[in-house]
**Student:** 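Below are the structure tokens for one structure; questions will follow.
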There are 2 protein chains.
Amino acid sequence: MAMHGDKKIGFLLERTTRIAKLSFTKAFKKLNVDITPEQWIVLDKLDLKGEMSQKEIGNESFKNAPTISRIIDNLVRKGYVSRTSEESDRRKTAISLTQEGEKVIQLCRQEVDALRDLSWNNLSDQDYEDFNRIIDQIFLNFEGYN
Amino acid sequence: MAMHGDKKIGFLLERTTRIAKLSFTKAFKKLNVDITPEQWIVLDKLDLKGEMSQKEIGNESFKNAPTISRIIDNLVRKGYVSRTSEESDRRKTAISLTQEGEKVIQLCRQEVDALRDLSWNNLSDQDYEDFNRIIDQIFLNFEGYN
DNA sequence: TCCTTATATTTGCCTATGCAACTATTGCCT
DNA sequence: AGGCAATAGTTGCATAGGCAAATATAAGGA
């Protein structure tokens, strides 16, 4: 395998992740919706799956417990989700979308999809498949190191 | 072009970027060097290019001025770089590696290279080229949105 | 039942990053 | 020269995220 020095993996990932976040941030601002990309991820998960515990949200979005806890704090403060202590296991809190939260989903869904499609401009279906495969493998490689 | 909903670009990027940073963080810890991946990026740039202004460092690493300012603050506090006001233009500060900073580079270089190679395990040279091309195009696509 | 361990969440402290506002210089134009 | 715009850097305030420690609750074993 050849050298990988000319373009640095960390740099490529970091730079593109950052501009992706910025783009989504601008999209929400354009729509006059006061959420961040991370908050969108949580709202979107709740929309797809319904009520979830913070632990479940964390597992599915690969974020740790403190991070999820604080993102939920902010979403509760904005009135987009609500916390309810679960009866069956009072360690858990059930997180669910409020009506306001559902409204936010409605407002943003189309633009989010459009932006995701835009990110694949000038790239083929084959590129899409390759990218998914490669970035998953890179993830696994790092996972093995940890 | 087909739908891109099943795997979400933001998620793929974010997850892999995060584990990459974590891996580098652990590598530095293993070496008993108290730097972060971001601080490494700056030290590495300075090692390659010699004295640079904060603006130059920011341009090359795609970080904004406040971020660079604070990363440099931390590196100065640790004694790995020094700030000198430039004579020709006193708005600029010349940042340079200290001897301690050079020592850090020496200590880490090998492990950083090894980790970068490891990230390409089970992937071909073609994959490497494809990934670079695709992620660059994704970056450009988002850049057009902004 | 009592004790130990595991799990879910929260909080404190730190770095990185974004935006906006502010300071200090330099450059340019009239 | 005088004044205004551009440039380099810093600082305040916010979110995200990492680690470690603390709290609350549940589960399992002696």
Side-chain angles (χ1 to χ4, degrees), chain A residues 10-11 13-29 34-42 52-59 61-78 80-81 83-95 146, chain B residues 10-11 13-29 34-42 52-59 61-78 80-81 83-95 146:
Chain A
F11 171 74
L13 284 169
E14 228 269 325
R15 182 183 72 153
T16 306
T17 300
R18 200 127 42 74
I19 202 168
K21 275 195 198 177
L22 269 175
S23 300
F24 281 97
T25 299
K26 286 185 182 164
F28 296 131
K29 186 166 187 177
D34 65 333
I35 60 171
T36 67
E38 315 301 337
Q39 289 166 10
W40 168 261
I41 290 172
V42 171
M52 298 172 80
S53 73
Q54 295 188 185
K55 185 71 178 174
E56 287 172 316
I57 297 171
N59 287 340
S61 55
F62 282 82
K63 296 181 188 301
N64 62 17
T67 298
I68 291 295
S69 183
R70 283 155 181 150
I71 291 174
I72 302 292
D73 283 349
N74 288 333
L75 287 171
V76 168
R77 196 175 327 121
K78 291 174 180 175
Y80 299 150
V81 307
R83 275 190 173 106
T84 316
S85 191
E86 286 188 18
E87 303 149 26
S88 61
D89 184 342
R90 281 187 301 176
R91 288 171 303 185
K92 299 184 183 175
T93 41
I95 310 297
N146 283 273
Chain B
F11 171 75
L13 284 169
E14 229 268 325
R15 183 182 74 153
T16 306
T17 301
R18 201 126 42 74
I19 202 168
K21 275 194 197 176
L22 269 175
S23 301
F24 281 98
T25 299
K26 286 185 183 164
F28 296 131
K29 186 166 189 177
D34 66 331
I35 61 171
T36 66
E38 314 301 337
Q39 290 166 10
W40 168 262
I41 289 171
V42 171
M52 298 172 80
S53 73
Q54 295 188 185
K55 186 72 179 174
E56 286 172 317
I57 297 172
N59 285 341
S61 55
F62 282 82
K63 295 180 188 301
N64 61 18
T67 298
I68 291 295
S69 183
R70 284 153 179 150
I71 291 174
I72 302 292
D73 283 348
N74 288 334
L75 286 171
V76 168
R77 196 176 325 123
K78 291 175 180 174
Y80 300 151
V81 307
R83 275 191 172 106
T84 316
S85 190
E86 288 189 17
E87 304 149 26
S88 62
D89 183 342
R90 282 186 301 176
R91 288 172 304 185
K92 298 185 185 176
T93 42
I95 311 297
N146 282 274

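Since this is a predicted model, take the numbers as computed values, not measurements. Throughout, a chain's letter reflects where its sequence line sits, starting with A, and its residues are numbered from 1.
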**Student:** Looking across every strand, which nucleic acid part, if any, lies under 4.0 Å from A:S53 by heavy atom: base, sugar-phosphate, or nothing?
**Tutor:**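 A:S53: backbone/sugar contact only, no base atoms under 4.0 Å.
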
**Student:** If I take atom NZ from residue A:K21 and atom OG1 from residue B:T17, how far apart are they, to the nearest 0.5 angstrom?
**Tutor:**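 The NZ atom of A:K21 sits 8.5 Å away from the OG1 atom of B:T17.
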
**Student:** Could you list all N or O pairs between the protein and nucleotides 17-21 of chain D that sit under 3.5 Å apart?
**Tutor:**
residue : atom : partner : partner atom : Å
D:dG17  : OP1  : A:E38   : OE1          : 3.3
D:dG17  : OP1  : A:K63   : NZ           : 2.7
D:dG17  : OP1  : B:E14   : OE2          : 3.1
D:dG17  : OP2  : A:K63   : NZ           : 3.2
D:dG18  : OP1  : B:R18   : NH1          : 3.1
D:dG18  : OP2  : A:N64   : ND2          : 3.1
D:dG18  : O6   : A:R70   : NH1          : 3.2

**Student:** As a test of understanding, state which of B:K55, B:K63, B:E56 forms a side-chain contact (heavy atoms from CB on, under 4.5 Å) with B:N59.
**Tutor:**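 Answer after filtering B:K55, B:K63, B:E56: B:K55.
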
**Student:** List the residues meeting salt bridge (Lys or Arg N to Asp or Glu O under 4.0 Å) with A:R18, not counting sequence neighbours, and say none if there are none.
**Tutor:**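 Listed in chain order: A:E14.
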
**Student:** How far apart are the closest heavy atoms of A:S61 and A:I41, and which atoms are they?
**Tutor:**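 Heavy atoms of A:S61 and A:I41 come nearest at CB-CG2, 4.0 Å.
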
**Student:** Please tell me which of B:Q39 and A:K55 maps to the more 5' nucleotide of DNA chain C, matching each residue to the nucleotide holding its nearest heavy atom.
**Tutor:**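 Its nearest nucleotide lies further toward 5', so the answer is A:K55.
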
**Student:** Would you mind reading off the distance between B:Q54 atom CD and D:dT7 atom C1', rounded to a whole angstrom?
**Tutor:**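 Atom CD in B:Q54 sits about 13 Å away from atom C1' in D:dT7.
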
**Student:** So, for B:I35 and B:Y80, which heavy atoms are closest and what is the spacing to 0.1 Å?
**Tutor:**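 Closest pair (atom of B:I35, atom of B:Y80, distance): CG2-CE1, 3.6 Å.
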
**Student:** Output the residues of residues 83-93 of chain A in contact with DNA chain D, where contact means a heavy atom of the residue under 4.0 Å from an atom of the strand; sort by number or write none.
**Tutor:**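 Nucleic-acid contacts, sorted: A:D89, A:R90, A:R91.
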
**Student:** Does A:I57 reach the side chain of A:I71, with side-chain heavy atoms less than 4.5 Å apart?
**Tutor:**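 Side-chain contact under 4.5 Å: no.
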
**Student:** Could you pull out all residues at least two apart from A:F62 that satisfy ring pair (Phe, Tyr, Trp, His ring centres under 6.0 Å)?
**Tutor:**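 Result, ring pair (Phe, Tyr, Trp, His ring centres under 6.0 Å) vs A:F62: A:F139, B:F11.
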
**Student:** How close do B:G58 and B:I68 get, heavy atom to heavy atom, and via which atoms?
**Tutor:**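 Closest pair (atom of B:G58, atom of B:I68, distance): CA-CG1, 3.7 Å.
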
**Student:** For B:D34, check salt bridge (Lys or Arg N to Asp or Glu O under 4.0 Å) against everything at least two apart and list the hits.
**Tutor:**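 With neighbours one apart ignored, the set is empty.
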
**Student:** Using a heavy-atom cut-off of 4.0 Å across all strands, would you classify B:N74 as base, sugar-phosphate, or nothing?
**Tutor:**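 The residue B:N74 makes sugar-phosphate contact but no base contact.
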
**Student:** With a 4.5 Å cut-off on side-chain heavy atoms, are A:R83 and A:I95 touching?
**Tutor:**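 The answer is yes, as the side chains (C-beta and beyond) meet within the 4.5 Å cut-off.
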
**Student:** Mind checking whether B:W40 and B:F24 have side chains closer than 4.5 Å, heavy atoms only?
**Tutor:**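 Side chain of B:W40 against side chain of B:F24, heavy atoms only: no contact under 4.5 Å found.
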
**Student:** For a 4.0 angstrom threshold against heavy atoms of chain B, report the outermost contacting nucleotides of DNA chain C in 5' to 3' order.
**Tutor:**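 Endpoints of the contacted stretch of DNA chain C: C:dT15 to C:dT26.
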
**Student:** Measure the distance from CD1 on B:I68 to C1' on D:dA8 and round it to the nearest whole Å.
**Tutor:**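 Distance, rounded to whole Å: 13 Å.
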
